[in-house]
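Position 1 is the first residue of the sequence, and the numbers go up from there. Counting starts at 1 for both ligands and their atoms, following the listed order.
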Amino acid sequence: MEQQHTSGKDISIEINDSVYCYNDIGIGTVPVIFIHGFPFDKSSWQPQMEFLKNTLRVISYDIRGFGKSTGAMEVVSMGLFADDLIALMDKLQIVKAIVCGLSMGGYILLNAIQRYPDRFEAIVLCDTQCQADTPEGIENRNQTISKIISGSKTTWASEFIKKCFHPETLNKNRNIVERQWDIIVTTTTSSLTETLRALAKRNEACTRLQEINIPCMIINGSDDLIISSEKAEFLKDNIRLSTLQFIENAGHLSNLDQPETFNRLLLDFLNSLNVNPSVDMTNENPSTVDRK
Ligand code: MLT
């Protein structure tokens with residue numbers, strides 16, 4: 001009998017020396033796990049969790065050092081974040097999952113799928129890329145680190161947040177923008193700076209894209225200022241079983257700029273996989289799963 005996961009509350013578990021905080025809601029044979037981008041937390045997936053929780057088991061978690069998850073930060077790398085994902089899956093006894101990662105969440109996912117290909121049923125890569133940082137990109141990260149260390153975290157957060165959202169959201173949905181800004185400024189300096197160093201050092205994942213042999217949906221905001229449409233097209237051209245969807249009037253945080261379009265694309269993709277046959281995937285009959 002499948003276990004039903006109905007608590008929308010934060011759950012914390014200790015694995016090795018880290019504490020992982022996550023939400024685990026709904027029911028389904030293969031869960032969907034969401035990985036957030038830098039420097040946000042699991043709450044950035046709330047519109048998707050709310051939308052899918054009546055039809056699937058959905059899990060979002062805070063990456064080490066972000067939100068309510070803790071752990072040593074001086075050692076972080078995309079590889080370690082990927083190991084954390086697998087450790088969480090092990091702890092929750094999840095053999096295989098459908099995993100959706102946005103931006104840095106996508107870098108982590110691409111790292112994990114290279115090393116643990118059997119743990120994934122399908123993947124969703126949102127507003128992300130396989131390329132490593134260019135020398136100019138590394139220089140920008142170093143300047144950001146200096147700014148944060150010298151006490152200008154809030155100034156940097158205000159500049160960065162403008163690059164994350166579509167202008168329409170920036171003008172009309174201030175509460176969504178401010179919520180993400182708050183998350184950035186309440187993240188510790190060491191989490192920000194150590195993760196920036198890890199981002200600057202990350203390896204490219206492009207040369208191994210052809211090893212990916214499971215369904216993959218790529219989503220990119222048409223107006224993403226951080227990840228260009230060429231980067232998304234490169235992923236599409238090199239991942240065999242992939243589709244690419246651009247979302248109009250969406251920037252880097254495409255799932256927050258256009259949640260309805262994003263959710264529809266996600267649901268269509270999940271329906272096409274047919275991996276949770278015991279569950280009504282149409283999302284039109286919420287009574288199939290207890291709502292709490
Ligand atoms: C993110 O949203 O995760 C970051 O913008 C990724 C990056 O800086 O490369």
Check your understanding: Does the N or O separation between Phe38 and ligand 1 drop below 3.5 Å for any pair?
Key -> yes
Which of the numbered atoms in ligand 1 are below 4.0 angstrom from a heavy atom of [X]?
X      : value
Gly37  : 3 (O)
Ser103 : 1 (C), 2 (O), 3 (O), 4 (C), 5 (O), 6 (C)
His252 : 1 (C), 2 (O), 5 (O)
Met104 : 1 (C), 3 (O)

**Study point:** Residue part near ligand 1, for Arg202, under 4.0 Å between non-hydrogen atoms
**Key:**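 For Arg202, no heavy atom sits under 4.0 Å from ligand 1.
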**Study point:** Phe40, portion touching ligand 1 at heavy-atom distance under 4.0 Å
**Key:**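 Neither part.
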Review point. More than 12 non-hydrogen atoms from neighbouring residues, nucleotides or ligands closer than 6.0 Å to CG on Asp17, yes or no?
Key: no
Can you give me the closest heavy-atom contact between [X] and [Y], atom names plus distance?
X      : Y      : result
Pro39  : Trp156 : CG-CH2, 3.9 Å
Asp127 : Ser254 : OD2-OG, 2.5 Å
Ile227 : Thr128 : CG2-O, 3.3 Å

Review point. What is the nearest protein non-hydrogen atom to atom 8 (O) of ligand 1, stated with its residue, atom name and distance?
Key: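 For this ligand atom, the closest protein heavy atom is Arg141 NH1, 2.8 Å.
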Check your understanding: Nearest to atom 9 (O) of ligand 1, what protein heavy atom do you find, and at what distance?
Key ->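 Going atom by atom, the protein heavy atom closest to atom 9 (O) of ligand 1 ends up being Tyr107 OH, 2.6 Å.
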Show which side-chain atoms of residues 98-106 pair as donor or acceptor with protein atoms under 3.5 Å away, not counting sequence neighbours.
unit_1 : atom_1 : unit_2 : atom_2 : d
Ser103 : OG     : His252 : NE2    : 3.0

Point to revise | Pair Glu168-Asn249, side-chain donor/acceptor within less than 3.5 Å | key: no
Point to revise | Salt-bridge criterion met for Glu233 and Lys236 (N-O under 4.0 Å) | key: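 Salt bridge: no.
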